[in-house]
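Sequence positions, counted from 1, serve as the residue numbers for this chain.
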Amino acid sequence: MSSSRLADFKNNGRDEQLRNRRGKNTVELRKNKRLEQTMKKRNLGPVEAFDSADAATVPGGATTTARPTLADIPDISVGVRSSDPVTQLNATRRCRKLLAFDAIGPIDPVIESGLVPDFVAFLTRDESPELQYEAGWVLTNITSGEAYQTMAVAEAGAIPLLIRLVGESTDMNLKEQCIWCLSNIAGDGATLRDAVLEANILEPLFTLLSDQESLPISLIRNATWTLSNLCRGKPRPQYNEMTLHYMIQCLVSLIYHDDQEVMTDALWALGYLSDCEDTAQLQTIMTADHLLARLLHLLESDDSKVLMPTIRCIGNFVTGDDDQTQYIVDSNVLPLFARLLQFHKDNIRKESCWTLSNITAGTVEQIGAVMHANLVPGLINCLANGDYRTRKEACWALSNLSNSGTTEQVQHLIQQGVIKPMVDMLCVEDTKITQISLDAIENVLKAGQLDDGTNPCCDWIEEAGGVDALEELQDHLNEEVYEKALHLIETYYPEDDSAEDISCAPATTASGHFGFGQQQVPAITMGGGFDF
């Protein structure tokens with residue numbers, strides 16, 4: 001960046017720091033991912049009556065039609081270890097029904113019985129696809145549990161056997177069950193995700209999804225969800241250039257799918273992939289053929305389940321360098337955010353503010369594009385009236401603008417009514433938010449300084465309760481907050497300040513109160529000053 005370009009910024013050289021702050025502050029946005037997309041699923045199967053059709057042979061040659069319970073595990077164990085294939089199948093089916101009866105399922109007793117290696121071994125029984133299917137179903141429900149339960153299946157050697165069946169089996173139901181189990185394993189965390197990747201799951205998945213028209217929709221859903229789990233988690237998976245290309249190509253085809261579940265899981269996968277610090281990988285993703293056009297179309301959706309991952313993708317794209325951010329700005333995406341900032345779901349407004357915060361941390365031209373799209377009023381409304389998480393993201397967006405923008409751009413913020421809601425953020429419990437609010441207030445005060453020595457922003461901030469807030473912050477436990485508050489008090493509100501200058505007081509309403517709406521704030525002249 002040239003020295004003349006740096007001179008356009010009040011905080012020279014801080015735009016990259018501001019944009020990349022998400023690397024240290026993404027925790028809250030990621031905490032709710034269990035709500036956004038399920039990492040593991042239990043296959044409960046259809047609700048069935050357990051009748052004579054389910055009769056199972058138990059040791060001794062007797063049959064039972066009773067629903068299996070914990071007390072049946074010893075008999076199930078004997079049946080699984082029988083030398084008779086029919087008895088093995090019936091016992092495995094009984095174990096599957098035991099685990100699939102409800103969402104809790106007695107996973108620990110099954111593991112403690114030592115049956116997991118037996119079910120894994122059944123995956124090799126190519127002469128009996130039905131036995132393989134039932135065994136895969138049992139393993140799927142075991143892997144839907146806690147991490148140690150999932151690990152029991154992985155340590156028994158299930159991963160390569162499941163992948164083999166995905167690639168080689170001609171039974172679509174068996175393929176789907178194995179994919180489901182592998183997705184549960186990969187969804188457990190980065191370690192098992194990488195184990196699944198290293199066992200080469202992607203090749204058979206890509207091959208399978210290359211002919212989507214021949215596949216049942218349930219299989220496409222499970223395969224797409226598996227891809228999303230293979231992209232999820234930190235540290236991020238390391239894909240070589242060719243694998244990344246095929247992954248993106250596959251996911252882009254899936255976000256055009258008519259089925260919403262397929263589309264949204266593919267969107268989440270792209271969101272996980274693009275949440276990276278590697279600008280080369282980000283460039284590969286965001287410039288993929290037909291991707292950005294589809295994302296822009298989906299931003300017009302009214303469904304929050306579609307909007308959330310779509311906004312996440314766009315938001316990740318603009319965490320890149322200035323050129324990458326400009327590529328997104330040039331796509332004419334910004335006007336679409338005017339509606340999103342007013343959306344009826346808090347999470348959509350929050351994510352929209354987060355995305356814009358990464359743009360307002362950019363260049364003067366990018367900030368100008370945000371203003372040209374008339375997004376500042378929406379951001380200020382989110383700052384003033386949103387839920388707390390939305391207010392925090394709006395605070396970041398507006399503070400970044402005040403840090404990276406020109407004096408004229410900050411004066412535009414003042415005109416739009418930023419002072420009161422920003423003052424209200426000074427005394428929140430989050431120290432970081434207090435700090436960036438202090439930065440914004442300081443930038444407002446700097447931009448309010450007129451050539452004649454007056455500064456109307458001093459009075460507007462005081463009337464908004466800003467001086468009282470600054471005085472309270474002098475007792476703050478954080479030293480940086482204390483010092484910044486003290487600096488602002490001493491610089492703009494010295495104790496020996498004499499009589500109030502009527503010429504720099506804000507306009508008053510008919511009732512005698514100071515006005516903070518846009519109409520009460522002086523206009524900006526062509527020269528950059530306030531026009532009283």
Could you tell me whether a side-chain N or O of [X] sits under 3.5 Å from a main-chain N or O of [Y], the two making a donor and an acceptor?
| X | Y | value |
| --- | --- | --- |
| R349 | F343 | yes |
| T264 | E261 | yes |
| S399 | I436 | yes |
| R339 | L299 | yes |
| K345 | S304 | no |
| Q212 | L209 | yes |
| T310 | V306 | yes |
| S82 | V78 | no |
| K350 | E393 | no |
| T360 | A397 | yes |

Within the 4.5 Å heavy-atom criterion, are [X] and [Y] side-chain neighbours or not?
| X | Y | value |
| --- | --- | --- |
| D108 | Y148 | yes |
| D430 | Y388 | yes |
| L115 | S77 | yes |
| R391 | D424 | yes |
| M247 | L251 | yes |
| L197 | Y239 | yes |
| N141 | I107 | no |
| T92 | D118 | no |

To the nearest 0.5 Å, what is the distance between [atom1] ([X]) and [atom2] ([Y])?
| X | Y | atom1 | atom2 | answer |
| --- | --- | --- | --- | --- |
| N184 | W180 | CG | CH2 | 8.0 Å |
| L215 | I220 | CG | CD1 | 5.0 Å |
| L336 | L295 | CG | CG | 11.0 Å |
| H245 | T284 | NE2 | OG1 | 10.0 Å |
| S228 | W268 | OG | CH2 | 10.0 Å |
| I73 | C95 | CD1 | SG | 7.0 Å |

Looking only at heavy atoms, which two atoms of [X] and [Y] are closest? And how far apart?
| X | Y | result |
| --- | --- | --- |
| I311 | T355 | CG2-OG1, 3.4 Å |
| L205 | I179 | CD2-CD1, 4.0 Å |
| I142 | V116 | CD1-CG2, 4.0 Å |
| P68 | L98 | O-CD1, 3.5 Å |
| V370 | L334 | N-CD1, 3.8 Å |
| G320 | T325 | O-OG1, 3.8 Å |

Donor on one side chain, acceptor on other, [X] and [Y], under 3.5 Å:
| X | Y | value |
| --- | --- | --- |
| Q324 | T279 | no |
| Y327 | D322 | no |
| Q177 | T140 | yes |
| Q88 | R125 | yes |

Verdict with reasoning, N316 to S274, per side-chain hydrogen bond (donor to acceptor under 3.5 Å, both in side chains): CA-CA 6 Å; N316 287 338; S274 57; 3.1 Å; yes
Run the salt-bridge test on [X] and [Y] with the 4.0 Å N-O cut-off and return the result as yes or no.
| X | Y | value |
| --- | --- | --- |
| R164 | D126 | yes |
| D275 | R312 | no |
| D387 | R389 | yes |
| R236 | E277 | no |
| E134 | R96 | yes |
| D72 | R94 | yes |

Side chain to side chain contact (heavy atoms under 4.5 Å, CB included) between N90 and R93, intermediate numbers included: CA-CA 5 Å; N90 287 335; R93 182 177 290 122; 3.4 Å; yes
Side chain to side chain contact (heavy atoms under 4.5 Å, CB included) between L161 and L165, worked out: CA-CA 6 Å; L161 300 180; L165 290 173; 5.9 Å; no
Check against side-chain hydrogen bond (donor to acceptor under 3.5 Å, both in side chains), Y272 and N229: CA-CA 9 Å; Y272 301 139; N229 274 350; over 6 Å; no
Listed once per pair and sorted, the salt bridge (Lys or Arg N to Asp or Glu O under 4.0 Å) pairs that draw on residues 193-220, sequence neighbours left out: none
Y256 six-ring centre to R294 NZ/CZ under 6.0 Å and within 45° of normal: yes
For L202, the option from L227, T226, V196 that meets side-chain contact (heavy atoms from CB on, under 4.5 Å): L227
Take atom [atom1] of [X] as the centre, draw a 6.0 Å sphere, and report whether it contains more than 12 heavy atoms from other residues, nucleotides or ligands.
| X | atom1 | value |
| --- | --- | --- |
| E127 | CD | yes |
| L477 | CG | no |
| Q260 | CD | yes |
| E480 | CD | no |
| F206 | CZ | yes |

Name each donor-acceptor pair under 3.5 Å that joins a side chain in residues 378-386 to protein atoms two or more places apart or in another chain, with its distance.
residue	atom	partner	partner atom	Å
N381	OD1	N385	ND2	2.7

side-chain hydrogen bond (donor to acceptor under 3.5 Å, both in side chains) between T390 and D346, worked out: CA-CA 7 Å; T390 301; D346 290 337; 5.2 Å; no
By ring-ring contact (aromatic ring centres under 6.0 Å, His included) - contacts of Y133 (at least two apart): W137
I248 and V252: CA distance, side-chain angles, deciding distance, side chain to side chain contact (heavy atoms under 4.5 Å, CB included) verdict: CA-CA 6 Å; I248 295 169; V252 169; 4.0 Å; yes
